[in-house]
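What follows is a short report on a single structure.
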Amino acid sequence: MTVHADRPTEPSVAGATATHDAPPPSRRLGRSLPAVAVLVLLVLLAAVPLFLAPFEANTLSRILVFALFAVSLDLLVGITGLPSLGHAAYFGVGAYTAGLVSIHWTSEAPVPVLLAAVAGAVAAAATGWLAVRSGGVYFLMLTLAIGELVHQLAQSLSDVTGGSNGLFGIPSVRVGGEPLTLAGYVYWYILAVALLGFLGLWLVAHSPFGGVLRGIRDNEPRMRSLGYSPFRYKFVAFTIAGGFAGLAGGLLAGLVRIVNPSDTGFTTSALILLAVILGGAGTLWGPVLGAAVVVLVRDTFGPQLDGHGPLLLGVVFVVAVYVLPRGFAGLSGLFGRRQRFPGGPA
Amino acid sequence: MAADPRGEETSMAGWFDANLVSILNGFAIGSLLFILAVGLSIVFGMMDVLNLAHGAFFLVGSYLAVTFVAGESWGGFLTALGVAALIGLLAGGALSGMTEPLARRPILDQALLTLGISLIVAEALSIIYGNDVFSVPEPPGLAGSVDVAGSSYPTYRLMLIAVGLLLALVVWLVVEKTSLGALVRASVADREMVSALGIDNRKVKFAVLGVGSLLASVAGVLAAPVYGARPGLDKTILILALVVIVIGGLGSVRGALVGALVIGQVESLGRALFPEIASFILFGTLALVLIVRPRGLFAGKVAH
């Protein structure tokens with residue numbers, strides 16, 4: 001890369017392309033720099049348990065889980081322009097599924113999380129068609145209602161879910177019959193699954209399918225006149241997002257080994273939406289950052305406020321709406337490149 | 001249909017008698033939901049403000065009742081109502097100012113702002129009152145039960161039904177028969193035209209949000225002798241109110257009334273007859289209505 005940077009023609013080419021409306025940044029730089037950064041990040045992430053205390057590895061594990069959850073929501077909010085207020089429903093369905101599978105059948109590594117993903121997708125398909133069909137502000141209200149109804153269900157079906165006490169006694173995740181007990185191994189397991197999840201969501205967002213979703217976000221009537229069925233695409237996006245949320249929920253069940261009704265509820269949905277908006281909708285990396293901030297605020301400062309973390313989060317919400325309308329990703333726009341507007345007309 | 005546990009009687013009249021208390025409860029819940037939902041619906045329909053803090057304002061009213069109603073006394077109850085009305089009015093006014101810079105942004109931003117406010121309000125209440133479940137006594141004279149068609153029924157809930165119906169009538173008269181109501185309806189239909197006629201939209205917004213939020217906090221006081229006050233009640237109530245206005249159609253007074261009565265019955269009868277799956281019945285009703293009428297039963301002229 002330094003070889004290219006030495007060439008005198010290179011900067012001018014980069015400068016010329018950057019003035020276009022939708023600038024593909026210098027192709028070599030654009031391709032190789034993120035690749036190297038991702039590689040370095042992966043090595044760092046993988047090496048973390050070697051020099052972090054178990055508690056910190058645990059916090060990082062939780063950040064990874066919520067980051068996957070946030071990116072799955074961003075597929076809806078940022079890519080498709082569907083701001084869901086009930087995404088925790090599918091996260092919760094996944095968490096309960098993985099918990100129940102682990103307790104009653106097997107906690108052998110891929111089984112609980114895979115079934116959690118399937119359950120999340122099925123639940124999203126079963127409920128989402130109504131919300132997706134309505135659209136606009138009805139979508140906000142319906143997803144909120146769906147989320148809260150799943151939450152009430154988790155609370156009232158106490159024979160299955162443990163009610164308000166939560167589902168506890170979830171056994172450790174097993175790999176090849178051996179239970180993962182050390183925080184470092186659990187972290188590696190979560191890192192591996194979360195990375196696969198990120199990859200899956202990235203592929204969806206960057207596939208032709210993802211392109212259609214962006215088209216629907218930006219101009220639904222145009223996509224309809226081009227012969228696409230916005231409903232069908234939005235419905236499939238909702239189902240996929242539900243599946244990945246379920247996967248994240250399954251990871252949470254394996255990590256904390258207890259599932260509470262609140263994991264399906266309004267507060268969790270709001271929290272994860274905050275992570276997406278705070279990070280910057282539509283960027284996929286923004287929500288990861290947002291999730292890290294939200295988890296740290298909740299778990300680090302929350303306990304110092306006698307468990308009134310939501311108070312602090314409420315303040316973050318209000319401030320973010322006024323100060324960071326495009327999230328952290330919007331801040332990066334201050335350093336040169338223009339950002340595309342995330343989110344469509346809601 | 002579930003078999004009647006008390007015997008062979010399955011005739012319509014027998015079923016009605018057996019479930020009279022649940023049906024009356026449904027009307028009482030429906031009355032409360034109407035008071036709550038009509039504010040939410042008009043605020044959204046007219047002013048484009050999606051107030052997700054509506055449930056939190058309701059909870060403020062419930063805790064005010066906890067504070068002021070000590071023992072059975074009309075004084076405490078009326079004080080709670082007055083203070084709740086004042087606080088609701090101020091909160092709505094503040095919200096009107098806070099949402100002004102967000103008017104041209106996606107509705108999601110308002111949702112986030114009001115979500116944040118509701119988190120702050122709910123947590124502030126739990127800091128002040130703790131996580132206890134409070135019950136609130138009825139005002140004197142309304143504490144007992146009366147005989148309704150052979151079943152004994154709490155007097156206070158009968159009064160709730162009456163207050164709800166009375167309020168529905170008042171709101172309907174104001175919206176349909178007064179010049180103020182004409183302004184409300186005109187703003188729902190065409191806001192630009194109304195402001196072009198020289199009416200300050202911000203003042204109208206201030207007033208409508210104030211009254212809408214006042215209705216929420218007053219509903220909280222009225223509901224306190226039935227539901228008490230506890231953390232989490234704000235969300236439950238908000239969901240019910242949202243379901244009501246989605247079923248009824250945004251911005252429609254008639255829709256809010258019909259939606260509230262339907263959801264009141266679904267809640268009450270659903271919980272009495274099928275307690276395990278009551279939540280599903282609520283959602284099923286919502287789904288059923290939206291399959292037939294995607295914009296609600298009485299969709300207003302709101303273009304959302």
Side-chain angles (χ1 to χ4, degrees), chain A residues 77 81 83 85 127 129-131 133-142 144-157 159 262 265-267 269-271 273-274 277-278 281 305-322 325 341-346, chain B residues 40 44 48 50 52-53 55-56 98-99 101-102 105-124 126-127 131 232 234-236 238-243 245-246 250 271 275-284 286-288 290-291 294-296 302-304:
Chain A
V77 179
L85 278 174
T127 51
W129 62 273
L130 191 65
R133 190 168 164 268
S134 289
V137 73
Y138 276 80
F139 183 81
L140 274 176
M141 295 187 182
L142 285 173
L144 201 145
I146 291 167
E148 205 53 21
L149 288 169
V150 170
H151 171 63
Q152 283 179 13
L153 213 61
Q155 209 137 33
S156 59
L157 294 178
D159 296 346
S262 70
F266 179 55
T267 313
S269 291
L271 198 79
L273 187 61
L274 176 65
I277 301 298
L278 200 62
L305 290 169
D306 279 341
H308 294 293
L311 183 70
L312 196 62
L313 284 167
V315 175
V316 174
F317 259 100
V318 173
V319 172
V321 169
Y322 290 111
F341 283 175
Chain B
L40 193 61
F44 184 80
D48 272 347
L50 177 61
L52 296 180
M98 290 178 84
T99 51
L102 306 179
R105 305 222 317 239
I107 196 88
L108 178 63
D109 285 1
Q110 282 185 8
L112 289 175
L113 175 73
T114 52
L115 260 177
I117 294 172
S118 78
L119 281 177
I120 294 171
V121 171
E123 281 304 309
S126 89
I127 288 173
N131 289 320
D234 52 331
K235 289 172 218 154
T236 314
L238 175 68
I239 302 301
L240 285 177
L242 287 177
V243 170
I245 67 172
V246 168
L250 294 169
R271 290 206 187 278
E276 287 290 310
I277 53 163
S279 303
F280 266 145
I281 296 177
L282 185 69
F283 184 68
L286 181 72
L288 206 66
L290 290 181
I291 290 166
R295 296 280 167 210
V302 197
H304 291 282

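Convention: sequence-line order gives letters A, B, ...; per-chain numbering from 1. Being a predicted model, the structure only gives us computed values, none of them experimental.
Contacts between A/L130 and chain B at a heavy-atom distance below 4.5 Å involve the side chain alone, from C-beta outward. Interface remark: B/L102 contributes side-chain atoms only to the contact with chain A (heavy atom separation under 4.5 Å). Proximity to chain A (any heavy atom under 4.5 Å) is restricted, for B/V243, to the side chain, taken from C-beta onward. For chain A, no part of B/T114 is nearby; none of its heavy atoms comes within less than 4.5 Å. At a 4.5 Å heavy-atom cutoff, the contact between B/L113 and chain A is made by backbone and side-chain atoms alike. Interface remark: B/A111 contributes side-chain atoms only to the contact with chain A (heavy atom separation under 4.5 Å).
Residues A/L273 and B/L108 have side chains in contact (heavy-atom distance under 4.5 Å, counting atoms from C-beta outward). At least one side-chain heavy atom of B/I120 sits under 4.5 Å from a side-chain heavy atom of A/V315. Side-chain atoms of A/M141 and B/L250, non-hydrogen and from C-beta on, do get closer than 4.5 Å to each other.
Ranking B/V121, B/L242, B/L240, B/L112 against chain A, the residue ahead of the rest is B/L112, based on heavy-atom pairs under 4.5 Å. Among A/L142, A/V319, A/V150, the residue making the largest number of heavy-atom pairs under 4.5 Å with chain B is A/L142. The candidate from A/L313, A/I277, A/V316, A/L157 with the greatest count of non-hydrogen atom pairs under 4.5 Å with chain B is A/I277.
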Should A/L140 and B/L52 be marked as a side chain to side chain contact (heavy atoms under 4.5 Å, CB included) after you check the CA-CA gap, both sets of side-chain angles, and the distance that decides it? CA-CA 10 Å; A/L140 274 176; B/L52 296 180; over 6 Å; no
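Interatomic distance, CG of A/L85 versus CG of B/L50, reported as 8.0 Å (0.5 Å rounding). B/L119 contributes atom CG, which lies 7.0 Å from atom CZ of A/F266 (distance to the nearest 0.5 angstrom). The CD1 atom of B/I239 sits 10.5 Å away from the CD1 atom of A/I146 when rounded to the nearest 0.5 Å.
Among all heavy-atom pairs drawn from A/Q152 and B/T236, the shortest one is NE2-CG2, 4.0 Å. The heavy-atom pair separating A/L311 from B/A124 by the smallest distance is CD1-N, 4.3 Å. Closest of all the heavy-atom pairs between B/K235 and A/T267 is NZ-OG1, 3.1 Å.
In this structure, A/Y322 contributes its side chain and B/M98 its backbone to a donor-acceptor pair below 3.5 Å.
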